[in-house]
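What follows is a single structure, and I will ask about it in a moment.
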Amino acid sequence: MTPPNAILHGGYHHALSRSWQAERTLTKDMLMYPMFITDDPEAFDTIDSLPGQYRIGINKLNDFIAPLVKKGLKSVILFGVPLKEGVKDATGTRADDPEGPTILAIQLLRKNFPDLFVACDVCLCEYTSHGHCGVLREDGTLNNDLSIKRIAEVAVNYAKAGAQCVAPSDMMDGRIRAIKEGLMESGYAHKVMLISYSAKFAGSWYGPFRDAANSAPAFGDRRCYQLPANARRLARRAIKRDMEEGADCIMVKPGMPYLDIVREASEIASDYPISVYQVSGEYAMLYQSAKAGVFDLKSIVLESMTGFIRAGATLILTYYTPDLLTWLDEDR
Ligand code: PBG
Ligand code: ZN
């Protein structure tokens with residue numbers, strides 16, 4: 001006979017008792033929506049590789065966000081996408097252009113949606129002519145010192161424009177300290193959260209994003225600054241370093257293929273919020289598979305969220321946020 005303590009089914013026969021098996025469950029306030037803001041004020045452009053997502057101009061932003069806020073959207077993360085001729089240069093001068101899409105969007109969102117938490121991705125690749133995430137030396141390799149100086153300046157200018165959170169995705173060494181010190185010197189450190197993309201891995205998952213953001217490198221790749229896919233131990237070192245340097249939250253990216261790293265992060269940084277970025281390639285993969293009839297979109301996306309939370313995430317960046325706001329109101 002099966003021994004009594006081997007009988008597990010009784011403990012999760014009912015839907016309610018199944019819900020009690022979770023340590024935490026998904027709520028709307030755990031979602032942060034990544035958005036692309038472009039420099040044609042009237043733009044509302046679809047993105048072939050990211051169906052359902054848009055490159056939005058400043059004049060279209062209010063009407064796009066208003067219904068989402070009504071449905072319970074609590075936070076966004078902004079990516080500036082300059083598409084006009086002649087905007088890009090070797091050092092990413094226009095990243096913090098006061099008339100550029102990112103700063104205008106921060107100001108508009110803060111003014112029109114006072115309860116929305118506005119985070120800003122900080123990177124140079126959307127603004128550099130070579131498409132790399134930092135400033136380069138003559139031989140095409142990174143100049144880390146110049147890069148973090150520039151990245152810290154940009155982060156401080158996003159904070160001054162009203163961003164409540166800055167999240168550097170460039171993967172330069174020492175950027176967290178440089179930004180935190182910049183925020184301290186300018187008097188913003190007490191009210192701006194610093195999320196570090198500490199464990200950001202190089203690979204193929206960012207393809208649709210680079211289409212959307214027009215930020216693919218003109219030569220080479222990002223493997224000398226983003227982490228190698230095999231590098232669990234390097235990720236641990238990066239997380240520890242960024243905690244030391246003053247990060248307020250640790251991010252793991254991509255999400256689904258790196259759940260082991262989410263778990264690691266939640267253990268190493270057990271006193272920090274842990275964020276995970278379900279990136280563009282993950283979004284597109286689930287979308288296209290569901291479209292091909294492989295599985296039901298709502299079920300598979302909700303299951304992916306459960307995986308993130310089970311692994312230890314407390315904040316999830318996902319392009320599925322608008323759908324999830326609807327799905328979380330429905331029966332599951
Ligand atoms: C830019 C940046 C990237 C992403 C976020 N910030 C692309 C990259 O590093 O090449 C990827 C996001 C996604 O794929 O959804 N540094
Ligand atoms: Zn970049």
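One-based numbering, in listed order, for ligands and for the atoms of each. Note that this is a predicted model, so its numbers are computed, not measured.
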Where does ligand 1 get N/O contacts under 3.5 Å from the protein, atom by atom?
{"from": "ligand 1", "atom 1": "6 (N)", "to": "Ser169", "atom 2": "OG", "distance (Å)": "3.3"}
{"from": "ligand 1", "atom 1": "6 (N)", "to": "Lys253", "atom 2": "NZ", "distance (Å)": "3.4"}
{"from": "ligand 1", "atom 1": "9 (O)", "to": "Lys200", "atom 2": "NZ", "distance (Å)": "2.6"}
{"from": "ligand 1", "atom 1": "9 (O)", "to": "Gln226", "atom 2": "NE2", "distance (Å)": "2.8"}
{"from": "ligand 1", "atom 1": "10 (O)", "to": "Arg210", "atom 2": "NE", "distance (Å)": "2.6"}
{"from": "ligand 1", "atom 1": "10 (O)", "to": "Arg210", "atom 2": "NH2", "distance (Å)": "2.7"}
{"from": "ligand 1", "atom 1": "10 (O)", "to": "Arg222", "atom 2": "NE", "distance (Å)": "2.8"}
{"from": "ligand 1", "atom 1": "10 (O)", "to": "Arg222", "atom 2": "NH2", "distance (Å)": "3.4"}
{"from": "ligand 1", "atom 1": "14 (O)", "to": "Ser280", "atom 2": "N", "distance (Å)": "3.3"}
{"from": "ligand 1", "atom 1": "14 (O)", "to": "Ser280", "atom 2": "OG", "distance (Å)": "2.7"}
{"from": "ligand 1", "atom 1": "15 (O)", "to": "Ser280", "atom 2": "N", "distance (Å)": "2.8"}
{"from": "ligand 1", "atom 1": "15 (O)", "to": "Tyr319", "atom 2": "OH", "distance (Å)": "2.6"}
{"from": "ligand 1", "atom 1": "16 (N)", "to": "Ser169", "atom 2": "OG", "distance (Å)": "3.0"}
{"from": "ligand 1", "atom 1": "16 (N)", "to": "Lys200", "atom 2": "NZ", "distance (Å)": "3.2"}

Could you label the plane-to-plane angle of the Tyr12 and His9 rings as parallel, tilted or perpendicular, counting under 30° as parallel and over 60° as perpendicular?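 Tyr12 vs His9 ring planes: perpendicular.
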Going by the angle between their ring planes, with limits at 30° and 60°, are Phe201 and Tyr258 parallel, tilted or perpendicular?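 Geometry flag for Tyr258 against Phe201: parallel rings.
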Centroid-centroid distance, Phe79 to Phe209, less than 6.0 Å: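 Here the rings of Phe209 and Phe79 have centres that are less than 6.0 Å from each other.
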Salt bridge (charged side-chain N to carboxylate O under 4.0 Å, His left out) between Arg175 and Asp242: does it pass, once the steps are laid out? CA-CA 9 Å; Arg175 67 201 187 287; Asp242 292 354; 3.8 Å; yes
Working to 10°, measure the angle at the Zn ion (ligand 2) formed by atom SG of Cys133 and atom SG of Cys125.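 Nearest ten degrees: 120°.
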Less than 4.5 Å apart, any side-chain heavy atom of Glu282 and any of Pro257?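 Side-chain contact under 4.5 Å: yes.
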Which class fits the ring pair Tyr54 and Phe64: parallel under 30°, tilted 30 to 60°, perpendicular over 60°? perpendicular
